[in-house]
Asker: 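This is the structure I have questions about; it appears just below.
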Amino acid sequence: MNNLMKYQLLLDKITETSPILTDEAKIELKAKSDDFIKDVQDLQYIKVPLVGVFSAGKSSLLNIFTQKAGMLPVDTMPETAVAYELYYGQTECVELYRNGNKIDSKPLAEIKQLNTNPGDIAKVYCTSEPIKALQERGIILVDMPGIGSGIERHDAAIFNYISTGTAFVLIVDAEQGSLRGSTLAFMNELSQYNMHPAVLVSKIDKKPEADVKDIVDYIRYQMTKLGDNDPFIGTVCSVNNNLEGFKQYLEELNPETLVAEKLNKQLRLIINSVVSQIKTRIDVRTNDISNIEEKIKKVDEEIANVKAELPTGNSEINSPEKSTQDILGNVYAALESKATDIAQMIIDREDSEEIKAVIVSTVRTEIISSLQTESEQYSTALGAAVKESVQNMPKIEIDNNFMNDFSGILDMVNQYVGKLLLLGGIWAKLASILLPHLPKILNWLFGKSDEEVLEEAREKFMSKCVGQIIEGIKPAVYKIIVDNQKRIQEKLQAELVAKMEAVKSGLREKIADANKTKDDVEAEIARLNAAITHLNTVAAEI
């Protein structure tokens, strides 16, 4: 059973409770169900991007795997690179997408003639049986632009897939021998997002078997140091048509497992929201409440107040300025922790684009991680302020469940940050900040010991570059915080209004109960409780 069918059946079971829901609750459930199905459709396939430096052998490997020699461009110039998603299709063609919209379509033979921009995605449809078999399992392979090149389109393309939390495979040339520079920084970034990428060592025909084993063991050690206790490290060789390592990885890949955590969480939140509203109605109808009409007016007033503006009087609520400073402080600390490594790269005269890539990855990772923390703190503090503001409604409590359906907003943080940073031109700013200082830093190093040289380079990086980096990203970080806090407020407003509408419905039902027999009221309460039991049973099936 595919994901779409599986989750549609579960949603159908949830909507079996619709007859006992209020009109407002039905509308809310329909909206959340529609959004959820869209997410399921978006996750119909898991994407498996193959990443690596230019000439690592990604395209050659895929051309052999697909049994379509020459299908994907090999040795393309960095300026023309694009992400190629591989699909099965009886009519062979390539479609170019920009911002989710198809802007061009060509026969597959004209794939090199695509006119691409940063972040574009090309969908390749081919008559490849191996691709068909993977697609039937829900797996789509992606040939990615090379990492660490410093070309904006590569960061843009790669971030499209980082933000969706899919499975990455890094292709490392055996002659490289280990994860280095920007490649190591990129893998560390993926590990920070708990993505645990795999590594395939390519071009193993160029090394003795014993050396290949040593390379594999060392890369496994490097990956373990990044926090992956059981990394997948394999070998491939396009020259010898040896794809066993790649095939083994794909065989072990379980698409349902990769998407289940996110989708299951979202579905449970939908169930929790419905259960919470039903419980609220039961609590109101079974409690001894006086002056009900007055209470309804009070709830209406509170709903109007919440729709107009959420209370922000809680001292724990951070202002955008405070949150921005907190995040920038964390970025500074992250760069400080990497300063020695960056200093060593400067001393070794590594390519300036490699150095920039390490800095970009460090900055991006810390912004995302810090924004998640700030979002949690802000939503918790704002929720506390909201609960305090409604406690003046006697015997009517707003329980903690109204926050549950909000937490899913964190799933959008990665994509949000990535796009805004790209649009803000932070990549270019980092280059303009760092690159002019590199020759000066190197000139300061002559006549010193190795230890002095390293410390001097580290100090110059911190004093001459980091402060400017922080100032360079400050406007974008501030905009992220402002927009993110606004989105949190809007989500919280919707959840709180739904909760209050449930309270109001319960009060109206309590008024109506006065004209019903005790048996009739108890029967209706029993139906509400039965709906909760049913929903809990559905939750247990997830």
Side-chain angles (χ1 to χ4, degrees), residues 147-150 152 155 179-192 222 225-227 321-374 417-418 420-421 424-481:
I147 61 175
S149 66
E152 181 179 282
D155 283 313
L179 307 183
R180 299 176 182 173
S182 60
T183 304
L184 184 59
F186 179 67
M187 296 300 276
N188 180 63
E189 182 175 0
L190 294 179
S191 297
Q192 292 295 315
Q222 288 182 296
K225 293 286 287 183
L226 295 179
E321 292 78 11
K322 174 63 166 58
S323 290
T324 299
Q325 285 305 119
D326 288 346
I327 290 179
L328 293 178
N330 292 339
V331 172
Y332 183 95
L335 288 171
E336 187 174 37
S337 70
K338 294 290 293 184
T340 300
D341 293 339
I342 294 171
Q344 190 64 60
M345 295 178 72
I346 294 172
I347 294 168
D348 294 341
R349 297 178 183 269
E350 292 196 26
D351 185 81
S352 60
E353 297 292 351
E354 289 282 317
I355 297 173
K356 187 184 78 172
V358 172
I359 295 173
V360 166
S361 186
T362 301
V363 170
R364 181 169 57 196
T365 306
E366 190 55 50
I367 289 176
I368 290 173
S369 175
S370 297
L371 185 56
Q372 288 177 328
T373 300
E374 288 291 324
V417 172
L420 188 53
L421 287 180
I426 299 303
W427 272 243
K429 290 182 181 179
L430 288 176
S432 65
I433 290 167
L434 175 65
L435 301 188
H437 287 291
L438 293 184
K440 298 177 184 178
I441 291 175
L442 292 172
N443 289 337
W444 287 320
L445 305 182
F446 292 110
K448 299 178 182 294
S449 67
D450 290 346
E451 291 79 9
E452 289 173 327
V453 165
L454 186 61
E455 181 56 34
E456 184 77 4
R458 185 185 187 281
E459 190 279 327
K460 294 301 181 185
F461 170 70
M462 290 299 300
S463 62
K464 300 294 183 180
C465 299
V466 173
Q468 293 187 56
I469 291 171
I470 296 299
E471 285 303 310
I473 66 175
K474 185 175 181 178
V477 172
Y478 180 79
K479 178 170 175 54
I480 290 169
I481 291 296

Asker: Who pairs with T324 by side-chain contact (heavy atoms from CB on, under 4.5 Å), at least two apart in sequence or on another chain?
Answerer: L328, K474, V477, Y478, I481
Asker: Taking S370 for the side chain and I367 for the main chain, is one N or O donor matched with an acceptor at less than 3.5 Å?
Answerer: no
Asker: To check you understand the geometry: which heavy-atom pair defines the closest contact between I470 and Y332, and what is its length?
Answerer: CD1-N, 3.8 Å
Asker: What is the distance from atom CZ of F461 to atom CG of L335, rounded to the nearest 0.5 Å?
Answerer: 5.0 Å
Asker: How many angstroms lie between atom CD1 of I368 and atom CZ of R364, to the nearest 0.5 angstrom?
Answerer: 7.0 Å
Asker: What residues form a side-chain contact (heavy atoms from CB on, under 4.5 Å) with T340, not counting sequence neighbours?
Answerer: L454, R458
Asker: Could you pull out the closest heavy-atom pair between I480 and L371, with the gap in Å?
Answerer: CG2-CD2, 3.3 Å
Asker: Got a sec, which residues hit side-chain hydrogen bond (donor to acceptor under 3.5 Å, both in side chains) with T362, two or more places apart in sequence or on another chain?
Answerer: none
Asker: Distance check, rounded to the nearest 0.5 Å: E336 atom CD versus I342 atom CD1?
Answerer: 11.5 Å
Asker: Just jot down the side-chain hydrogen bond (donor to acceptor under 3.5 Å, both in side chains) partners of N188, sequence neighbours excluded, or say none.
Answerer: none
Asker: Let's go through V358 and D341 carefully: what are the C-alpha distance in whole Å and the side-chain angles of both, what is the deciding distance for side-chain contact (heavy atoms from CB on, under 4.5 Å) to 0.1 Å, and is it a yes or a no?
Answerer: CA-CA 9 Å; V358 172; D341 293 339; over 6 Å; no
Asker: Drop me the distance from I327's CD1 to I473's CD1, to the nearest 0.5 angstrom.
Answerer: 9.0 Å
Asker: Among all residues two or more places apart in sequence or in another chain, which pass the side-chain hydrogen bond (donor to acceptor under 3.5 Å, both in side chains) test with E471?
Answerer: none
Asker: For E455, give me all partners under side-chain hydrogen bond (donor to acceptor under 3.5 Å, both in side chains), at least two apart in sequence or on another chain.
Answerer: none
Asker: Taking only residues two or more places apart in sequence, or in another chain, which ones meet S361 in a side-chain contact (heavy atoms from CB on, under 4.5 Å)?
Answerer: A185, E189, T365
Asker: Decide side-chain contact (heavy atoms from CB on, under 4.5 Å) for L226 and Q222; before the verdict, give the C-alpha distance in whole Å, the side-chain angles of both, and the deciding distance to 0.1 Å.
Answerer: CA-CA 7 Å; L226 295 179; Q222 288 182 296; 5.9 Å; no
Asker: Do you know which two heavy atoms are closest between M187 and L179, and how far apart they sit?
Answerer: CG-CD1, 4.2 Å
Asker: Sequence neighbours left out, what passes salt bridge (charged side-chain N to carboxylate O under 4.0 Å, His left out) with K322? Give chain and number order.
Answerer: D326
